[in-house]
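Input: a single structure, listed below in structure tokens.
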Protein chains: 2
Amino acid sequence: MKFAEGRKIDTDGFDLERFLPYLLNQAAEATSRSFQEVYRTTYGMTRTQWRVLANLGRFGAMTARDICRISHIEKTKVSRAIAALERDNLVSRRESKTDRRAEILTLTPRGEERFAELGHRAIEHDRQVRARLGPDVAEQLASVLRMLIADAGKSQSGPDDAQDQ
Amino acid sequence: MKFAEGRKIDTDGFDLERFLPYLLNQAAEATSRSFQEVYRTTYGMTRTQWRVLANLGRFGAMTARDICRISHIEKTKVSRAIAALERDNLVSRRESKTDRRAEILTLTPRGEERFAELGHRAIEHDRQVRARLGPDVAEQLASVLRMLIADAGKSQSGPDDAQDQ
DNA sequence: TTGACATGGTTGCAAATGCAACCATATAGC
DNA sequence: GCTATATGGTTGCATTTGCAACCATGTCAA
């Protein structure tokens, strides 16, 4: 009778409520959605645009490729977000001295201002989310998420190396 | 001098690496992306289609509205996913006896089969994700995420009550 | 019964996205 | 220097999406 049973591995009966990618997606949507109201209805910005702005605001001048690398957003998405931000006069470009393909991106004063406003609101939003979890749990959650994100780009990678959505 | 300082609340300087919606989005993308390969390249399905299939497979026959409620996916997305699944002969509809607006959705045998295959692969994928965290952390993570998801629909809700993405 | 409003579901249309192909410059090998 | 290949970034095109408007049925109340 072998090793009896009791170790019927759940190789059958997929349990959606336990599936982490699904839970992560739902939680991400749930927490992002309400904040979206802020940048969307107030400023007519896209999620990607807000994220690119936030990266530039937080980390300072850098190239589009840098943004891709640290935010894991796909490069065409970043490219278009930058174009839109530039149209709105929130971001400006200047050619890199060392690599004429690359362009250094900087927030304009207007961009800094917008980042400050949205950052302010984001902090408040984050505070509300964390309040529901308690400070310790929230901090642990953040650290686990960072772990998952870091492991991301492992394994295979297609031609040109795409990412995100 | 009031209560001195030391309690300079972080009302300034937004810290992107601490912003939970951002971390959740990245983690969700990171963990979903590789599994997407499976349903996308193998079966040509979208994420929404896979999710709707998974809900029907896991919870049995129900209406589109039920799927919306439990999965927090917006109703037009569900509607179109169902239409696609029906075209692929994975889902069938029958009119509800009690409400002629509603349609009860069921997986066809082919749909059950596909769900079994994908469920199988999903379990394997989930196992890999959890392996990086360890069983306890993974379980805690899942429970925290469920908490965030549950709190979701709170606060305001627009006309007709939309949700998700 | 008859409105008035809620609800299940679909559709039109504009916007956002993914992916592959592309341009221009860089870099490496010869 | 010259070709082959890699890299930063943009663009074309097909898909997916969001949102509002819509249709049909249901419900509640006068």
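Residue numbers start from 1 in every chain, and the chains themselves are labelled A, B, ... in the order their sequence lines are given, proteins ahead of strands.
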Distance check needed: [N] [atom2] versus [X] [atom1], whole Å only.
X	N	atom1	atom2	value
A/Lys75	C/dT17	NZ	C1'	15 Å
B/Glu74	C/dT10	CD	P	13 Å
B/Glu37	C/dC19	CD	C1'	12 Å
B/Ile67	C/dG8	CD1	P	13 Å
B/Leu85	C/dG9	CG	C1'	16 Å
A/Gln36	D/dC19	CD	P	6 Å
A/Asp66	D/dT7	CG	P	14 Å
B/Ile82	C/dT11	CD1	C1'	15 Å

According to salt bridge (charged side-chain N to carboxylate O under 4.0 Å, His left out), who are the partners of A/Glu113, at least two apart in sequence or on a separate chain?
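Scan of A/Glu113 (salt bridge (charged side-chain N to carboxylate O under 4.0 Å, His left out), adjacent residues dropped) gives none.
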Taking N and O atoms by type only, does the side chain of B/Arg80 place a donor or acceptor under 3.5 Å from a partner on the base of C/dG12?
yes
If the cut-off is 4.0 Å, is A/Arg69 near the phosphate of D/dG8, judged by side-chain N/O to OP1 or OP2?
yes
Would you indicate, yes or no, if C/dT10 has its OP1 or OP2 atom less than 4.0 angstrom from a side-chain nitrogen or oxygen of B/Ser79?
yes
Looking at [Y] and [X], is any side-chain nitrogen of the basic one under 4.0 Å from a carboxylate oxygen of the acidic one?
X	Y	answer
A/Arg121	A/Glu124	no
A/Arg94	A/Glu103	no
A/Arg130	A/Glu139	yes
B/Glu74	B/Arg65	no

Answer yes if the side chains of A/Thr46 and A/Thr48 hold a donor-acceptor pair under 3.5 Å, and no otherwise.
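Looking only at side-chain atoms, A/Thr48 and A/Thr46 do not form any donor-acceptor pair under 3.5 Å.
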Examine the side chains of A/Asp99 and A/Ser96 and answer whether a donor and an acceptor come within less than 3.5 Å of each other.
no
Positions of residues 92-103 of chain B (non-hydrogen atom under 4.0 Å from DNA chain D), listed by number:
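Here the set is B/Asp99, B/Arg100, B/Arg101.
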Please figure out whether A/Ile104 or A/Arg40 has its closest DNA chain D nucleotide nearer the 5' end.
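With A/Arg40 and A/Ile104 compared, the 5'-side residue is A/Ile104.
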Relative to each other, are the rings of B/Trp50 and B/Tyr39 parallel, tilted or perpendicular (30° and 60° limits)?
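Plane angle under 30°, so parallel.
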Can the ring centroids of A/Phe35 and B/Tyr22 be said to lie less than 6.0 angstrom from one another?
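No, too far apart.
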Of the candidate nucleotides D/dG9, D/dT11, C/dT11, which contains the atom at the shortest distance from the side chain of B/Thr76?
C/dT11
Output one line per pair: protein atom, nucleotide atom from nucleotides 14-16 of chain C, and distance, for all N/O pairs under 3.5 Å.
unit_1 : atom_1 : unit_2  : atom_2 : d
C/dA16 : OP1    : A/Thr46 : OG1    : 3.2

